[in-house]
Engineer: 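Okay, handing you the structure first.
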Amino acid sequence: MTIPVRTRIAPSPTGSPHVGTAYMALFNYAYAKKNKGDMVLRIEDTDQKRSSIDSENAIMNSLKWLGIEWDEGPDKTGKFGPYRQSERKEIHARHVQILLDNGFAYPCFCSSQRLKELRTSQIANKETPRYDGHCLNLTKEEISQKIEAGEKYVIRLKIPTEGKCCFTDKLRGKVEIDWKQIDHQVLQKSDGFPTYHLANVVDDHLMNISHVIRGEEWISSTPKHILLYQYFGWEPPSYTHLPLLRNPDKSKLSKRKNPTGINYFREAGFLPEAMINYLGMMGYTLPDQREIFSIDEFTQTFDIHRMSLGGPIFDLSKLKWLNGRYLREKLSEKEVVARIIEWKINSKFIQKIIPHALQRIENFSDFIPLTGFLFEENPTFSHSQLIGKINPDEAIKLIKICEWELEKIQEWNRNNIFFIFQSLAEKEDYKIKSILPLFFQVISGNSVSLPLFDAIEILGPDLTRLRLRKALEYLSSQGSSLSKKDLKSLEKEYRSKYGNRVD
RNA sequence: GUCCCGUUCGUCUAGCCAGGUCAGGACACCGGGUUUUCAUCCCGGCAACAGGGGUUCGAAUCCCCUACGGGACGCCA
């Protein structure tokens, strides 16, 4: 008897959809389909502070755009719902109680302040930072006393004090990690929500997930998951840890260094099938080594053992080449026309621009030169125009702060964008009017263009971010750049004036 | 710092599991050809088994050590 294959993707709806999510989704999808199984989409929104429904929708839309489909999810009810973790809170709480009743977990009343100090001192003493078990031996009386007194608490996982955890990774073989390395993981936060670790295990089990295929960032917390399965008396799934997509400097792919938003590629005019094709060749080659393949061809021939384990660098040049081949070879001219229209040459998009362009054009031929930057992946600018009257070091500083501030915008609209620039001018002691020419150039490559805030709104966060970064790169190529040290001190200054950066 | 994972051209990779072809392909780059320009297209070139030690007649391939890279060490996921 073979159990049905069920895989899952479990994105967290915090921020804009990431290519890493699509990458993992593709392999989970292929594995499930190749084995005539199902893939589940589960929304991991246990972080109430950061999760949003907008982000959830954006993630689902971008995956659909790429052609990745799931068999069950928040929008596609199946037998194992609900598929949004926030709606499974009771289930999780019940399971936490089971662990508590069996002595596998315990309440912890330590303040975040104490935890922070503990961590700092452990690091100072060159120890592995982990919970010291302070609340491990509270008596039942002490516990109920504290709870009655209204003290906030979390539930922690009890970890064996001796021995090691062994598990098998489908690709990497046997992995052994000492229990001493594993922290007493928080399973339930003081707001009553479970953490990833608890919710993930409980939901995977209850949703009959047979194969967990996820990023290698999870390897070191797998022992916690295995332990939970043991405590509950459940059979753990098969684990496969895939390599992580990397920046050109080989660090884990991050939006701070690269375009990583699926929407970036969509807005920059890439084809979803080329994207999928490219993602499918990261860490993987088809058995016959063909380079151009559809998601169906990929899925039908998929063999997980063909994965390479070295982290592939997500580099744009091959993607562009691939995309060009799709345009020329895979689509008819008619189809290309339809795709371009669907992209941005449509009345919906033009309509957004027109109100801002109308005062500035006299005949239609003025339209393209005026608004062309909205259709470009990157505008070009010249040094003198870019800098204008501002000195280059100041320009760098303003652009950098602007980049960080823009990251904080929850709802991308004209007003919120305006507030960012207003506060930027204020805090940096400029008249807003005097810093705007710089940003006109950065965004449009031109000094004649649409109203800046509207243009930024239309351009969207992904393209905007890259333009700021490109401007910085350009300035650096012209000899003005921020050293690591400068950057660090700027970041410190930024924090004191504007608050912490967001992820 | 501790633990874990990884390492074939600049990049994506084939070959590794079942040791024995000049280590193959693609992108990028460089050169040439086709083309009124450019691009496409075609042809050619550059370029790698991280280092050291084993095992073996023979190692990119199996084993060990070192180096380097990455990840984890959150009331994030």
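Residue numbers start from 1 in every chain, and the chains themselves are labelled A, B, ... in the order their sequence lines are given, proteins ahead of strands.
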Engineer: Starting at the 5' end of RNA chain B and moving along, which residue's nearest nucleotide shows up first, A/Gln181 or A/Thr285?
Structural biologist: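 On the 5' side of the pair lies A/Gln181.
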
Engineer: Would you indicate whether the side-chain heavy atoms of A/Tyr264 and A/Arg465 approach each other to under 4.5 Å?
Structural biologist: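 Contact flag for A/Arg465/A/Tyr264 side chains = no.
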
Engineer: Please tell me whether A/Tyr31 and A/His211 form a close aromatic pair, meaning their ring centres lie under 6.0 Å apart.
Structural biologist: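 Centroid distance A/Tyr31-A/His211: below 6.0 Å, so yes.
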
Engineer: Where the side chain of A/Lys49 is concerned, which of B/C12, B/G74, B/C76 is the nearest nucleotide?
Structural biologist: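 Among the listed nucleotides, the one closest to the side chain of A/Lys49 is B/C76.
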
Engineer: Who does B/U7 pair with, Watson-Crick or G-U, both distances under 3.5 Å?
Structural biologist: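 The base-pairing partner of B/U7, which may sit in any strand shown, is B/A67.
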
Engineer: Please list, chain by chain and in numerical order, all residues satisfying salt bridge (Lys or Arg N to Asp or Glu O under 4.0 Å) with A/Lys257, sequence neighbours excluded.
Structural biologist: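 With sequence neighbours excluded, A/Lys257 shows a salt bridge (Lys or Arg N to Asp or Glu O under 4.0 Å) to A/Asp249, given in chain and number order.
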
Engineer: Return the pairing partner of B/U34 with a 3.5 Å limit on both distances, Watson-Crick or G-U wobble; otherwise return none.
Structural biologist: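 Pair assignment: B/U34 / none.
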
Engineer: Can you check the distance between B/A77 and B/A50, where both ends of the measurement are the P atom (answer in whole Å)?
Structural biologist: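 Each nucleotide's P atom is 38 Å from the other's.
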
Engineer: Can you tabulate the close N/O pairs, meaning under 3.5 Å, that link protein atoms to atoms of nucleotides 70-72 of chain B?
Structural biologist:
| from | atom 1 | to | atom 2 | distance (Å) |
| --- | --- | --- | --- | --- |
| B/G70 | O2' | A/Arg246 | NH2 | 3.4 |
| B/G71 | OP1 | A/Lys252 | N | 2.9 |
| B/A72 | OP1 | A/Lys252 | NZ | 3.0 |
| B/A72 | O4' | A/Ser220 | OG | 3.2 |
| B/A72 | O2' | A/Ser220 | OG | 3.1 |

Engineer: Under a 3.5 Å cut-off for both contacts, is B/C22 paired Watson-Crick or G-U wobble with anything, and if yes, with which nucleotide?
Structural biologist: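 Its partner is none (no Watson-Crick or G-U wobble pair with both distances under 3.5 Å).
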
Engineer: Under 4.0 angstrom, heavy atoms only, what part of the nucleic acid is A/Arg325 near: base, sugar-phosphate, or nothing?
Structural biologist: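 Nothing, no nucleic acid heavy atom in range.
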
Engineer: Does A/Thr46 have a side-chain nitrogen or oxygen under 4.0 Å from the phosphate oxygens OP1 or OP2 of B/A77?
Structural biologist: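 Result: yes.
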
Engineer: Looking at B/C73, which nucleotide sits across from it as a Watson-Crick or G-U wobble partner, both distances under 3.5 angstrom, or is there none?
Structural biologist: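 Because both required distances fall under 3.5 Å, B/C73 counts as paired with B/G1.
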
Engineer: Does anything in residues 153-165 of chain A come within less than 4.0 Å of RNA chain B? Heavy atoms only, and list the residues if so.
Structural biologist: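 Residues of residues 153-165 of chain A that come under 4.0 Å of RNA chain B are, in numerical order, A/Val154.
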
Engineer: For B/A14, which nucleotide is its Watson-Crick or G-U wobble mate, given both distances must be under 3.5 Å?
Structural biologist: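 Pairing partner: none.
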
Engineer: Taking the six-membered ring for Trp, is the centroid-to-centroid distance between A/Tyr278 and A/Phe270 below 6.0 Å?
Structural biologist: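 Not close enough - the centres of the two rings lie 6.0 Å or further apart.
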
Engineer: Does a side-chain N or O from A/Arg290 land closer than 4.0 Å to OP1 or OP2 of B/G25, or not?
Structural biologist: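 No, outside the criterion.
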
Engineer: Using whole Å, what does the distance between atom P of nucleotide B/C12 and atom CE of A/Met282 come to?
Structural biologist: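 So the CE-P distance, A/Met282 to B/C12, works out to 7 Å.
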
Engineer: Between A/Arg119 and B/C73, is there a contact of a side-chain N or O with OP1 or OP2 at under 4.0 Å?
Structural biologist: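 Answer is no, no contact under 4.0 Å.
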
Engineer: If you define the side chain from C-beta out and look only at heavy atoms, does anything of A/Leu271 sit under 4.5 Å from A/Leu331?
Structural biologist: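 Yes; the side chains approach each other to less than 4.5 Å.
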
Engineer: Using atom P of each nucleotide, how far apart are B/G32 and B/U8 to the nearest Å?
Structural biologist: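 Taking atom P in both B/G32 and B/U8, they lie 33 Å apart.
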
Engineer: Checking A/Arg6 against A/Phe80: charged group under 6.0 Å from the ring centre and within 45 degrees of the axis?
Structural biologist: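 Yes, a cation-pi geometry.
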
Engineer: Give A/Glu44 one of three labels, base, sugar-phosphate or nothing, depending on what nucleic acid heavy atoms sit under 4.0 Å from its own.
Structural biologist: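 Sugar-phosphate, no base atom in range.
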
Engineer: Assess the residue pair A/Glu217 and A/Lys252 against the criterion (side chain to side chain contact (heavy atoms under 4.5 Å, CB included)); give the C-alpha distance rounded to whole Å, side-chain angles, the decisive distance to 0.1 Å, and a yes or no.
Structural biologist: CA-CA 9 Å; A/Glu217 53 194 328; A/Lys252 171 171 154 182; 3.0 Å; yes

Engineer: Using the ring of each side chain (for Trp, its six-membered ring), is A/Tyr231 parallel, tilted or perpendicular to A/Phe104, with breaks at 30° and 60°?
Structural biologist: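 If you compare the ring of A/Tyr231 with that of A/Phe104, the planes turn out parallel.
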
Engineer: Could you let me know what B/A60 is paired to, Watson-Crick or G-U wobble, both distances under 3.5 Å, or none if it's on its own?
Structural biologist: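 No nucleotide pairs with B/A60.
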
Engineer: Look at the side chain of A/Ser112 against the base of B/C75 and say whether a donor-acceptor pair falls under 3.5 Å; ignore hydrogens and angles.
Structural biologist: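 There is none.
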
Engineer: Would you kindly compare A/Asp183 and A/Ile219 by the position of their nearest RNA chain B nucleotide and give the one closer to the 5′ end?
Structural biologist: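 Per heavy-atom nearest nucleotide, the more 5' residue is A/Ile219.
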
Engineer: Dump the intermediate steps for side chain to side chain contact (heavy atoms under 4.5 Å, CB included) on A/Glu291 and A/Trp321, then the final yes or no.
Structural biologist: CA-CA 11 Å; A/Glu291 296 207 274; A/Trp321 163 79; 4.0 Å; yes

Engineer: Across all strands, who's sitting opposite B/C29 as a Watson-Crick or G-U wobble pair, both distances under 3.5 Å?
Structural biologist: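 Pairing partner, where one exists within any strand: B/G45.
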
Engineer: Identify whether any heavy atom of A/Gln188 sits under 4.0 Å from a base atom; if not, whether one sits that close to sugar-phosphate; answer base, sugar-phosphate or nothing.
Structural biologist: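 Contact class for A/Gln188: none.
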
Engineer: Closest approach to the side chain of A/Pro312, judged atom by atom: which nucleotide of B/U13, B/G74, B/C5 is it?
Structural biologist: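 Given the options B/U13, B/G74, B/C5, the side chain of A/Pro312 is closest to B/U13.
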
Engineer: Scan A/Thr222, A/Ile219, A/Ile9 and name whichever one has a side-chain contact (heavy atoms from CB on, under 4.5 Å) with A/Arg214.
Structural biologist: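 Among the candidates, only A/Thr222 passes.
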
Engineer: Calculate the interatomic distance between A/Tyr239 atom OH and B/C4 atom C1'; express it in whole Å.
Structural biologist: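 Atom OH in A/Tyr239 sits about 16 Å away from atom C1' in B/C4.
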
Engineer: Centroid separation under 6.0 Å, is that true for the rings of A/Tyr196 and A/Trp218?
Structural biologist: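 Distance test on ring centres: under 6.0 Å, yes.
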
Engineer: Distance criterion of 3.5 Å, no angle test: do you see the side chain of A/Lys318 paired donor-to-acceptor with the base of B/A28?
Structural biologist: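 No.
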
Engineer: Taking only the P atom of each, what is the distance from B/U56 to B/U61 in whole angstrom?
Structural biologist: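 That atom pair is separated by 16 Å.
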
Engineer: With a 4.0 Å cut-off on heavy atoms, is A/Arg328 in touch with a base, just the backbone sugar-phosphate, or nothing at all?
Structural biologist: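 Answer is sugar-phosphate: A/Arg328 comes under 4.0 Å of backbone atoms only.
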
Engineer: Over how many whole Å does the gap from A/His241 atom NE2 to B/C3 atom P extend?
Structural biologist: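 So the two atoms are 20 Å apart, to the nearest Å.
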
